[in-house]
Amino acid sequence: MPLSDARRSLLDAVYTTFAPQAAPRRGGQLMAESLEGLSPGRLARLRRFLSLLRSPLAGLLTIGRPQAFERLAHRDRERVLRAFGDSGLADLRSGFQALKRLSLFLAYAAVDDDAVPRNRLWDAMGYPGPRNDAGPVPEPIAPVQHDLPARVDAIVVGSGAGGGVAASVLAAAGMRVLVLEAGPWPYATMAQQRELNAFSTLYLESGLCASDDLSFAILAGACVGGGTTVNWTTSLRMSDVVAAQWSTSSGGIDFGAGLAPHYDAVAARMGITPTDTHNENNRVIARGCDALGWSWKAHPRNARDCGDGCGYCGFGCSYGRKQSTTASFLADAVAGGATVIADAPVERVIVKRGRATGVVVRIGGSARTVRANVVVVAAGALRTPQVLGRSGIVNAHLGKHLHLHPTAALIAQFDHPIETWNGPMQSILSDHFGDLGEGYGVKLEAVPIHPGLAALAVPWRSRDDHAEVMRGVRNTAALIALVRDRGEGSVSTTDDATIRYRLDPHDAHHMRVGLARLAEMAAAAGATRMQTLHERPMRLDAPFSGAKRDAFIAEVEQCDLTPNRSGLYSAHQMGTARMSAHRNDGVVDARGRVWGVENLAICDSSVFPLSSGVNPMLTIQALAHRTATGLIA
């Protein structure tokens with residue numbers, strides 16, 4: 001249901017309160033359009049918050065005057081929003097975060113005129129905007145428009161890390177394969193190199209995916225190629241310690257030596273290798289670790305000959321250097337006769353007498369049926385539970401055991417340009433604190449930030465304070481502490497796909513350790529200022545005397561991580577249809593096949609028994625390679 005004119009007027013007032021005066025003028029309109037795409041449940045909660053914000057009661061409770069938000073002076077509107085962001089009531093903090101993140105993302109990522117692809121705020125922060133130096137985007141697969149066969153040998157639902165590999169293996173065996181992807185073809189969006197267009201087109205829920213209370217902002221690919229189209233190229237195998245834990249947790253499934261040849265096969269196809277070129281953002285890790293005597297490494301990436309790189313790979317690689325599944329396994333599958341159809345969400349798998357016989361897919365507004373001998377679901381840990389739920393699959397573990405690799409960040413300013421948007425995005429990591437006990441710990445990494453993502457993450461105390469931090473982004477490093485989580489959440493099996501996840505105390509401790517080590521590392525690397533991403537940020541300015549630095553680190557080690565007190569993120573989702581050798585303990589068996597249903601397999605991160613502790617892409621692909629090879633046999 002569209003937002004009312006009164007709520008649209010309120011959104012305009014909210015946007016102009018958060019955003020700098022030079023921000024695009026149509027931000028309020030874009031906010032309204034974005035919010036109308038939310039699920040009914042999330043939209044209803046936001047409407048309630050907007051009604052409270054518009055009520056004179058909001059002014060009475062926060063500034064002592066019963067006046068509607070739109071009628072307040074700018075400084076008073078800032079006071080109201082700060083009060084909600086600092087509130088002891090979790091629902092008010094959630095509402096504040098919803099509006100803050102969207103307002104500021106649009107303020108820095110949108111443009112007033114699509115024909116003029118520049119935002120006036122970019123000049124102040126030294127951001128170049130779209131590079132447009134790549135020429136035509138390489139298209140390894142020619143898009144197919146609704147050429148739907150009535151019957152095939154195998155249907156693969158999803159085209160990401162697992163779906164692409166499964167399709168390639170099955171097609172190479174001579175099977176007629178149909179890949180159905182709910183999202184769009186990415187090529188046109190990739191060519192634009194615009195942050196707003198990329199997030200609204202290539203990411204799940206137009207980049208607005210989050211846990212139910214908004215305490216975790218979640219990034220997940222939702223286009224042909226899935227997460228491999230928009231990820232940051234990190235290609236890591238899980239450790240021997242984690243593989244052994246997986247084997248024990250799953251009841252004896254081999255994730256060690258038995259998975260190694262499948263890791264080898266997918267790594268060889270993508271040409272995975274470390275880069276010898278590191279941007280300034282990643283060099284902060286190397287300099288800091290060297291000064292402190294901590295270990296670091298240049299980690300493998302699935303991108304070739306990037307050189308300085310463009311740093312825009314989160315919008316899809318415009319240069320044909322990243323070996324996403326589209327550029328590798330899906331291209332192989334198509335060469336072997338497979339068909340890939342985009343904008344084709346699968347409503348359900350058809351299950352008759354305990355056997356998968358095909359799918360019902362929606363194309364162009366119409367439901368169509370396709371029959372198959374084998375169905376592989378690879379819709380990702382956040383969507384596979386809904387596909388199976390709509391298909392009548394009942395399992396106590398379906399949608400449960402969600403892991404997110406919860407991540408917090410620290411930003412550090414230097415006296416020279418960092419430009420996180422230039423060069424290979426992730427090329428160095430420190431695993432020095434990767435095992436703080438029983439294989440659980442925290443990785444220290446660097447991440448690319450473009451204006452919109454930076455703006456939504458930076459704490460907001462006022463329009464001017466936020467704008468000052470953003471003007472320094474060119475000289476700012478973005479450093480993250482990525483936690484291998486022991487805690488679990490869930491995603492509902494109904495169409496609203498509600499994600500529930502709360503930070504486990506064990507994982508929160510590791511996150512605090514990681515943030516404190518990032519602070520030490522940034523100081524050792526020569527930072528002049530650093531701050532956390534708490535809404536009441538902790539900041540430290542140079543010179544970092546021993547006592548001042550120690551006090552700051554001690555404060556970080558005790559920081560508040562309750563929901564929506566600090567920015568928390570996830571780009572890795574795992575475990576919602578876990579694998580187990582025992583029928584009562586998982587959704588799929590050791591061969592990746594759904595318990596109780598013949599010829600139905602899952603090839604994505606939902607089958608992980610526990611969190612992997614590393615970027616899951618390579619492990620997804622290795623498991624998919626093993627499962628698909630078993631289907632042929």
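Everything numeric in this text was worked out from a predicted model, so none of it was measured. Below, all heavy atoms of this structure are taken into account, side chains as well, without hydrogens, waters or symmetry copies.
- Within the 3.5 Å criterion, the main-chain N or O of Ser200 finds a donor-acceptor partner in the side chain of Ser206.
- Put simply, the side chain of Ser606 does not reach to within 4.5 Å of the side chain of Arg578, judged on heavy atoms.
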message: Run Leu444 and Trp294 through side chain to side chain contact (heavy atoms under 4.5 Å, CB included) and show every step you take.
response: CA-CA 11 Å; Leu444 309 182; Trp294 299 349; 4.2 Å; yes

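- Of the possible donor and acceptor atoms, none in the side chain of Ser391 sits under 3.5 Å from a partner among the backbone N and O of Ile393.
- Going from atom CD of Glu488 over to atom CG of Leu402 covers 8.5 Å, rounded to the nearest 0.5 Å.
- Remark: Asp264 engages Arg237 in a salt bridge, criterion side-chain N to carboxylate O under 4.0 Å.
- For Asp213 and Arg500, the salt-bridge test fails: no basic side-chain N is under 4.0 Å from an acidic carboxylate O.
- Taken to the nearest 0.5 Å, the OG1 atom of Thr494 stands 10.0 Å off from the CZ atom of Arg390.
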message: Applying side chain to side chain donor-acceptor pair (under 3.5 Å) to Thr384 and Asp604, what does each step give before you reach the verdict?
response: CA-CA 8 Å; Thr384 284; Asp604 58 34; 2.6 Å; yes

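- Using the six-membered ring where Trp is involved, Tyr203 and Phe199 have ring planes that are parallel, under 30° apart on the 30 and 60° scheme.
- Residues Leu180 and Val359 form a side-chain contact, since some pair of their non-hydrogen atoms from C-beta on lies under 4.5 Å apart.
- In summary, Glu205 and Arg42 engage in a salt bridge, as defined by a charged side-chain N under 4.0 Å from a carboxylate O.
- Relative orientation of the Trp246 and Phe608 rings is tilted, given thresholds of 30° and 60° on the angle between their planes.
- Note: Cys223 SG to Leu204 CG = 10.5 Å, rounded to the nearest 0.5 Å.
- Around CG of Asp254, the count of heavy atoms belonging to other residues, nucleotides or ligands within 6.0 Å exceeds 12.
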- request: Verify side chain to side chain donor-acceptor pair (under 3.5 Å) between Tyr263 and Thr619, making sure each step is shown before the conclusion.
  value: CA-CA 7 Å; Tyr263 267 130; Thr619 303; 2.6 Å; yes

message: The test is side chain to side chain contact (heavy atoms under 4.5 Å, CB included); show your working for Val165 and Leu623 and say whether it passes.
response: CA-CA 9 Å; Val165 170; Leu623 287 170; over 6 Å; no

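- Of all non-hydrogen atoms in Cys603 and Ala166, the two that sit nearest each other are SG-CB, 4.2 Å.
- How far CD1 of Ile602 is from CZ of Arg593: 13.0 Å, rounded to the nearest 0.5 Å.
- Salt-bridge annotation for Asp504 and Arg486: absent, with no side-chain N of the basic residue lying under 4.0 Å from a carboxylate O of the acidic one.
- Residues Phe216 and Ile499 are not in side-chain contact: their nearest non-hydrogen atoms beyond the backbone lie 4.5 Å or more apart.
- No side-chain donor from either of His262 and Arg626 sits under 3.5 Å from a side-chain acceptor of the other.
- Using modelled atom types, one side-chain atom of Gln386 and one backbone atom of Ser492 make a donor-acceptor pair closer than 3.5 Å.
- With Glu181 contributing its side chain and Gly183 its backbone, the two residues share a donor-acceptor pair below 3.5 Å.
- For the residue pair Tyr501 and Gly487, the shortest heavy atom distance occurs at OH-O, 4.0 Å.
- Here the side chains of Tyr319 and Cys310 are in contact, with some heavy-atom distance below 4.5 Å.
- Pairing each heavy atom of Gln323 with each of Ser328, the nearest pair is O-OG, 3.9 Å.
- At a threshold of 4.0 Å, the pair Arg502-Asp212 counts as salt-bridged, since one of the basic side-chain nitrogens sits closer than that to a carboxylate oxygen.
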message: Go through it in stages, so that I can follow the logic: the residues are Leu618 and Gln621, the test is side chain to side chain contact (heavy atoms under 4.5 Å, CB included), and I'd like the CA-CA distance, side-chain angles, deciding distance and then a yes or no.
response: CA-CA 5 Å; Leu618 206 60; Gln621 292 175 318; 3.7 Å; yes

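- In this structure, the side chain of Asp485 engages the main chain of Leu404 through a donor-acceptor pair within 3.5 Å.
- With values rounded to the nearest 0.5 angstrom, Asp496 atom CG is found 12.5 Å from Leu38 atom CG.
- Judged by distance alone, with hydrogens and angles left aside, the side-chain atoms of Ser168 form no donor-acceptor pair with the main-chain N or O of Gly164 at under 3.5 Å.
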message: As a quick check of understanding, evaluate side chain to side chain donor-acceptor pair (under 3.5 Å) for Thr325 and Thr228, giving each step before the final call.
response: CA-CA 6 Å; Thr325 58; Thr228 73; 3.2 Å; yes

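- No side-chain heavy atom of Val360 sits under 4.5 Å from any side-chain heavy atom of Val346.
- The shortest distance between side-chain heavy atoms of His278 and Ile285 does not fall below 4.5 Å.
- Electrostatic pairing of Arg269 and Asp332 counts as a salt bridge here, judged by a charged N lying under 4.0 Å from a carboxylate O.
- Closest approach of Leu631 and Ala601 over heavy atoms only: CD1-CB, 4.1 Å.
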task: Could you please spell out the steps behind the side chain to side chain contact (heavy atoms under 4.5 Å, CB included) verdict for Glu445 and Leu479?
output: CA-CA 6 Å; Glu445 298 180 277; Leu479 308 171; over 6 Å; no

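- One distance of note links NE2 of His405 with CG of Asn615; it measures 9.0 Å at 0.5 Å rounding.
- When atom types are taken as modelled, the side chain of His432 and the backbone of Ser295 share a donor-acceptor pair closer than 3.5 angstrom.
- When the shell of 6.0 Å around NE2 of His397 is examined, it contains more than 12 heavy atoms from other residues, nucleotides or ligands.
- Listed for the Lys322 side chain is a donor-acceptor partner under 3.5 Å among the backbone atoms of Thr229.
- Between Gln426 and Arg301, every side-chain heavy-atom pair lies at or beyond the 4.5 Å cut-off.
- For Val242 against Ser611, the heavy-atom pair with the smallest separation is CG1-O, 3.9 Å.
- The two residues Ala381 and Gln573 come nearest to each other via the heavy atoms CB-O, 3.4 Å.
- Residues Val442 and Arg517 have side chains not in contact (no heavy-atom distance under 4.5 Å, counting atoms from C-beta outward).
- Within the 3.5 Å criterion, the main-chain N or O of Ile253 finds a donor-acceptor partner in the side chain of Ser247.
- Distance alone, capped at 3.5 Å, is enough to place a donor-acceptor pair between the Asn282 side chain and the Ser427 backbone.
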